[in-house]
Amino acid sequence: MPATASVRVGRDARVMALIGVAHGSSHYYQLAFVTMLLIVRDRIGLSFEQVGFLGALFYAVSGFGQTAAGFAVDRFGARPILAGGLLALGVSLGLFSVVHSFAGFAAIAVLGGLGNSVFHPADFALLNASIDQKRLGRAFSIHGLGGSLGWAAGPAMYFLDGAVGPVNTALLGAIPGLVLSVLVWGHRDSLIDHRVKARAAAAGGPSPWSLFMQPTILLCLVFFALVAANTVGIQQFAVPAFQSMFGVTQGYAAFCLIVFVVGSASGMLLGGYFADRMSHHERVAAIGLVGAAAFTVPIAMLSVTPALLPFLLFGAGFAGGTTNPSRDMIVRQATPPGASGKVYGFVYSGLDIGSFLAPLVFGQAMNLGHPATMFWIAIGLYLANATLVTVIRQASGTRSVPAAAE
C-alpha cells in the first residue's frame, strides 16, 4: 500500500505540474499577443486604437469559444482539446514573424482566442478526473500559480525583441506552446479521460442549456467576470496610476505591480491547503476578498508613502490569491456529474467577459485624470465578490443536482 500510495502521489504531482505549466502558457500568450502588437506597432503602422481592438477581439473569441470548448471537452476528451489549444497558441504567436497587416493580425487574434478558449474546461476536467480528491485544493492552487507566473513571463518579449529582433522573438515565443502540446498529447496514461467516469452519471442529467440557466451557474459566471475585471484592470493600468498618484518612476511602479502578482501567487499556494482542509470554501474566499479590499483602501486614499506601497500591494495580492482554490472548489461543488467540461467552459468564459470590459472601465478613470478612482472600483469589486461568493455557496447548497465527482 505505501508503494501504491507513493506512485499515486508522484503521478498527481506530474499532472499538477503539467497542467499548471500549460495554464501558465495560456496567460503568457495572452500578454505576449498584445506585447507583440506593441513591438511591431510602429513598424507596421498600427494605432493604439487598433491594438486595443485586436486585444479585445482575442478575448471576445476566447470568451465565446469557451462554452463551445466545454462541449468539445465532454465530447472528445480534455487531453486532445488541450493539446490542440496549446498548438493553436504557439502557431498564432509564430505567425507574427510573417504577418504585416491589420487583417493578418485579426486572423491571428481569432486563432489565438480559439486556442485560449480551451484551457479552463480542459484543465479542470483533467484535474478533477486525474487528481486524488484529497489533493484537489492544492491542484487548483498550482493551476492558479501557473497562470500568475505565465502573466509574469509575458513582458519577457520586450527583452527578447531587444536581443534578437521581432521575427526571432515571435518564433522563440511560439516554442512553449508547441512543446507543451506534444507533452500533453503524449501523457495519455497520467491525464485520465474524465468521460469514462462521467458517461453513466451524465445520462440522466439536465440538458446543457437548462444547466446553464441554473442560478448557481449564472452567479458563478458573474463572479468570474468581476474577478477578471478587477485583476486585468489593475494589471493593465496600475503602472501609470502609481506614477500619477505617488510620483514614482515607471521602473518603481512596475516593481510594485510585480510585487502584487508575486503576492497573489504566494497566496494561491496557501489557499490550496485551506481548500483541502476546510469544507466552507465560501468563508475562505469571502475573508480573503475582504482582506484584499482592506489592503487597497490606503492606496485609494493616497494615505501611504511610496516606500509602503509594495507592502500593501503584496498584502492585497496575497489575500486575494488565497481565495482562488476555494472559488474553484465552489464551482466544482456546483457542477453536476458528467458536465465538468460544459460548466467550466461556460462559467470561466466570465474571465474573458471581465477581461474585455475592464479596459473600458479602468481606462475611463485614467482618461478622466482620476487614477485613484480605479482603486476605489477595485475595492467595490472585492466587496461585491465577497458577498457574491457567499450567495453562490448558499444557492449551491440548496440545488438538487449532486456535485461533480469526476
Side-chain angles (χ1 to χ4, degrees), residues 15-39 55 58-59 62-63 66 69 82-94 96 109 111-124 126-127 139-160 169-170 172-184 224 227-228 230-236 238 254 257-269 271-272 317 320-321 324-325 328 344 348 351-352 354-355 358:
V15 172
M16 290 182 198
L18 181 57
I19 299 302
V21 173
H23 185 224
S25 74
S26 166
H27 286 218
Y28 157 71
Y29 280 112
Q30 288 172 26
L31 282 188
F33 172 74
V34 176
T35 301
M36 280 303 304
L37 287 174
L38 293 172
I39 287 173
F58 179 100
Y59 281 114
S62 180
Q66 277 210 55
L82 179 58
L86 287 161
L87 177 63
L89 281 172
V91 170
S92 68
L93 194 66
F96 272 93
L111 177 61
L114 288 174
N116 190 65
S117 71
V118 311
F119 282 86
H120 287 110
D123 287 356
F124 283 109
L126 288 169
L127 290 175
F140 290 160
S141 72
I142 295 299
H143 182 262
L145 175 63
S148 293
L149 295 177
W151 268 328
M157 304 296 287
Y158 287 115
F159 298 102
L160 277 176
T169 296
L172 290 172
I175 292 175
L178 304 181
V179 172
L180 285 167
S181 176
V182 174
L183 289 175
V184 168
F224 279 100
V227 165
N230 209 358
T231 302
V232 172
I234 291 175
Q235 288 184 343
Q236 289 185 343
L257 179 58
I258 291 172
V259 168
F260 175 79
V261 174
V262 170
S264 177
S266 303
M268 288 178 198
L269 292 177
N324 286 27
D328 293 333
Y344 280 113
Y348 282 83
L351 294 176
D352 292 295
S355 298

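Numbering of residues begins at 1 and proceeds along the displayed sequence. What's counted below: heavy atoms across the whole structure, side chains too, no hydrogens, waters or symmetry copies.
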- request: Drop me the distance from L82's CG to L18's CG, to the nearest 0.5 angstrom.
  value: 7.5 Å
- prompt: What pairs with Y348 under ring-ring contact (aromatic ring centres under 6.0 Å, His included), at least two apart in sequence or on another chain?
  reply: H120, F124, F224, Y344
query: From S26 OG over to N116 CG, what is the distance, rounded to the nearest 0.5 angstrom?
result: 3.5 Å
- prompt: Do the side chain of H27 and the main chain of G147 share a donor and acceptor less than 3.5 angstrom apart?
  reply: yes
- request: Please check if the side chain of H23 supplies one atom and the backbone of H143 the other of a donor-acceptor pair under 3.5 Å.
  value: yes
message: I'd like to know if the side chain of S25 and the backbone of A22 have a donor-acceptor N/O pair within less than 3.5 Å.
response: yes
query: Between F140 and N324, does a side chain to side chain contact (heavy atoms under 4.5 Å, CB included) hold up when you go through it step by step?
result: CA-CA 8 Å; F140 290 160; N324 286 27; over 6 Å; no
query: If you round to the nearest 0.5 Å, how far is CZ of F96 from CD1 of I39?
result: 9.0 Å
Pairwise distance OG(S117) to OH(Y59) - rounded to 0.5 angstrom: 13.5 Å
message: Would the distance check show the side chain of Y29 and the main-chain N or O of S92 forming a donor-acceptor pair, the cut-off being under 3.5 Å?
response: no
message: Could you go through M157 and L93, starting from their C-alpha distance and side-chain angles, then the distance that decides it, and tell me whether this counts as side chain to side chain contact (heavy atoms under 4.5 Å, CB included)?
response: CA-CA 11 Å; M157 304 296 287; L93 194 66; 3.9 Å; yes
query: Taking all non-hydrogen atoms of both residues, which atom of P325 and which atom of M268 are closest, and how far apart?
result: CG-O, 3.6 Å
field: Distance, nearest 0.5 Å, that separates CG of L89 from CZ of F33
entry: 10.5 Å
- request: Output yes when a side-chain donor or acceptor of T231 lies under 3.5 Å from a complementary backbone atom of V227, and no otherwise.
  value: yes
field: Criterion side chain to side chain contact (heavy atoms under 4.5 Å, CB included) on L126 and V15, from CA distance to verdict
entry: CA-CA 9 Å; L126 288 169; V15 172; 5.7 Å; no
query: Quick check: does any side chain N or O of S266 sit under 3.5 Å from a backbone N or O of V262, one acting as donor and the other as acceptor?
result: yes
message: If we ignore hydrogens and angles and just use 3.5 Å, is the side chain of S181 paired with the main-chain N or O of A83 as donor and acceptor?
response: yes
- request: Please report the closest heavy-atom contact between L257 and A238, naming both atoms and the distance.
  value: CD1-CB, 4.2 Å
